[in-house]
Amino acid sequence: HSCNVIFMHDMGVPVLSDKMDMDCKTFCREYLELMTKTEKLCTHGVVHGDIHCGNLVYKSTAKQGNKLSFIDWDESTFEKPMSRNAVTKSQKERYPDRFLKNSMAYTKVQLYILLREIFNNNKGWKSEVTVAFHDDLSDLQTPEQLDSQYDKLKNEISAPLNSLESAVAR
């Protein structure tokens with residue numbers, strides 16, 4: 001077995017902090033990229049397993065532009081998420097036991113809920129991007145049902161970006 005050690009410094013500010021000044025479209029573009037990267041890690045067996053607002057940070061630099069990053073990888077696992085003692089309804093939704101054997105579905109649930117929470121905390125964004133969030137993902141019992149909602153969400157947050165890119169190209 002081998003072990004990788006990552007030293008991090010100044011990863012940014014929490015995404016729900018007053019200091020995050022990213023507009024909705026920029027956030028959606030960055031979040032879509034983060035979703036893709038997280039899914040790719042998952043296909044290689046790396047599962048964060050604790051994706052929530054407190055573990056998403058934002059940083060803007062002249063060199064790299066806007067960046068969203070996940071922190072708190074200390075409980076990440078390989079190939080299968082860690083089982084949690086979820087007690088509340090929101091915990092049971094975020095840490096879905098029914099997907100413990102499907103790390104991609106488990107991760108998609110967490111990415112979906114995180115985006116829903118961010119949009120709920122940024123009410124002004126709803127006028128910029130039309131997103132119809134599923135209120136309770138715990139009623140989606142199969143990976144296929146989840147994929148349908150997840151893909152719909154990705155299409156909804158990418159639609160304004162696609163129309164913006166089309167307008168710029170003209």
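Just so we're clear, the structure is a prediction, and the values are computed from it rather than from any experiment.
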Not counting sequence neighbours, list each pair that qualifies as a side chain to side chain donor-acceptor pair (under 3.5 Å) and has a residue in residues 100-109.
K108-D147
Closest non-hydrogen atom pair, K25 against D23:
N-OD1, 3.1 Å
Do L41 and M82 share a hydrophobic cluster, counting only Ile, Leu, Val, Met, Phe, Trp and Tyr and linking them when any side-chain heavy atoms are less than 4.5 Å apart?
no
For the residue pair H134 and Y112, establish whether any side-chain heavy-atom pair is separated by less than 4.5 Å.
yes
Are any non-hydrogen side-chain atoms of N121 and I118 less than 4.5 angstrom apart?
no
Apply salt bridge (Lys or Arg N to Asp or Glu O under 4.0 Å) to E79 and list each qualifying residue two or more places apart in sequence or on a separate chain.
none
Can a donor-acceptor pair be found, under 3.5 Å and without considering hydrogens, that links the side chain of E93 to the backbone of L137?
yes
Look at the side chain of R94 and the backbone N and O of I51, then say whether any donor-acceptor pair between them is shorter than 3.5 Å.
yes
K80 and V47: which non-hydrogen atoms are nearest, and at how many Å?
N-CG2, 4.1 Å
Should the heavy atoms of other residues, nucleotides or ligands under 6.0 Å from CG of D135 be counted, would the total exceed 12?
no
Is D136 salt-bridged to K89, going by a charged N under 4.0 Å from an acidic O?
yes
Donor-acceptor pair, side chain of T26 and main chain of M22, under 3.5 angstrom:
no
When you measure from the side chain of Q141 to the backbone N and O of S138, does any donor-acceptor pair fall under 3.5 Å?
yes
Has R84 got its NZ or CZ under 6.0 Å from the middle of the six-membered ring of Y95, at an angle within 45 degrees of the ring axis?
yes
Looking only at non-hydrogen atoms, find the nearest pair between E30 and L68 and report the distance.
CB-CD1, 3.7 Å
Taking side chain as C-beta onward, heavy atoms only, is V57 less than 4.5 Å from F70?
no
CG of L34 to NZ of K67: how many Å apart, nearest 0.5 Å?
9.5 Å
Going hydrophobic residue to hydrophobic residue with side-chain gaps under 4.5 angstrom, can you get from L16 over to I157?
yes
Is any side-chain heavy atom of F27 closer than 4.5 Å to one of W125?
yes
Under the 3.5 angstrom rule, does the side chain of E156 hit a backbone N or O of A132 as a donor-acceptor pair?
yes
Between the OH atom in Y31 and the CG atom in L153, the distance rounded to the nearest 0.5 Å is 8.0 Å
Passes side-chain contact (heavy atoms from CB on, under 4.5 Å), M35 versus Y150? Steps please.
CA-CA 11 Å; M35 290 170 94; Y150 187 82; 3.3 Å; yes
At what distance, to the nearest 0.5 angstrom, does NZ of K154 lie from CG of L111?
8.5 Å
Answer yes or no: is there a donor N or O on one side and an acceptor on the other, between the side chain of Q110 and the main chain of G49, under 3.5 Å?
yes
Please report the interatomic distance CG(L100) to OG(S83), rounded to the nearest 0.5 Å.
5.0 Å
Output all residues satisfying side chain to side chain donor-acceptor pair (under 3.5 Å) with K37, sequence neighbours left out; order by chain, then residue number.
E33
For L140 and F99, the nearest pair of non-hydrogen atoms, with its separation, is O-CZ, 3.8 Å
Test item: T36 side-chain N/O and L32 main-chain N/O as donor-acceptor pair under 3.5 Å:
yes
Residue pair N55 / H48: nearest heavy atoms and the distance that separates them
ND2-CE1, 3.8 Å
Criterion side-chain contact (heavy atoms from CB on, under 4.5 Å) on L56 and S69, from CA distance to verdict:
CA-CA 6 Å; L56 180 63; S69 302; 5.9 Å; no
For S60 and N66, does a side-chain donor sit closer than 3.5 Å to a side-chain acceptor?
yes
same_hphob_cluster(V15, F119) at 4.5 Å side-chain heavy-atom cutoff:
yes
Atom SG in C28, atom CG in L115: separation rounded to 0.5 Å?
6.5 Å
Restricting to non-hydrogen atoms, name the atom on Q91 and the atom on N85 that form the minimum distance, rounded to 0.1 Å.
OE1-O, 4.4 Å
Would you call N122 and C24 a side-chain contact if the rule is heavy atoms closer than 4.5 Å?
no
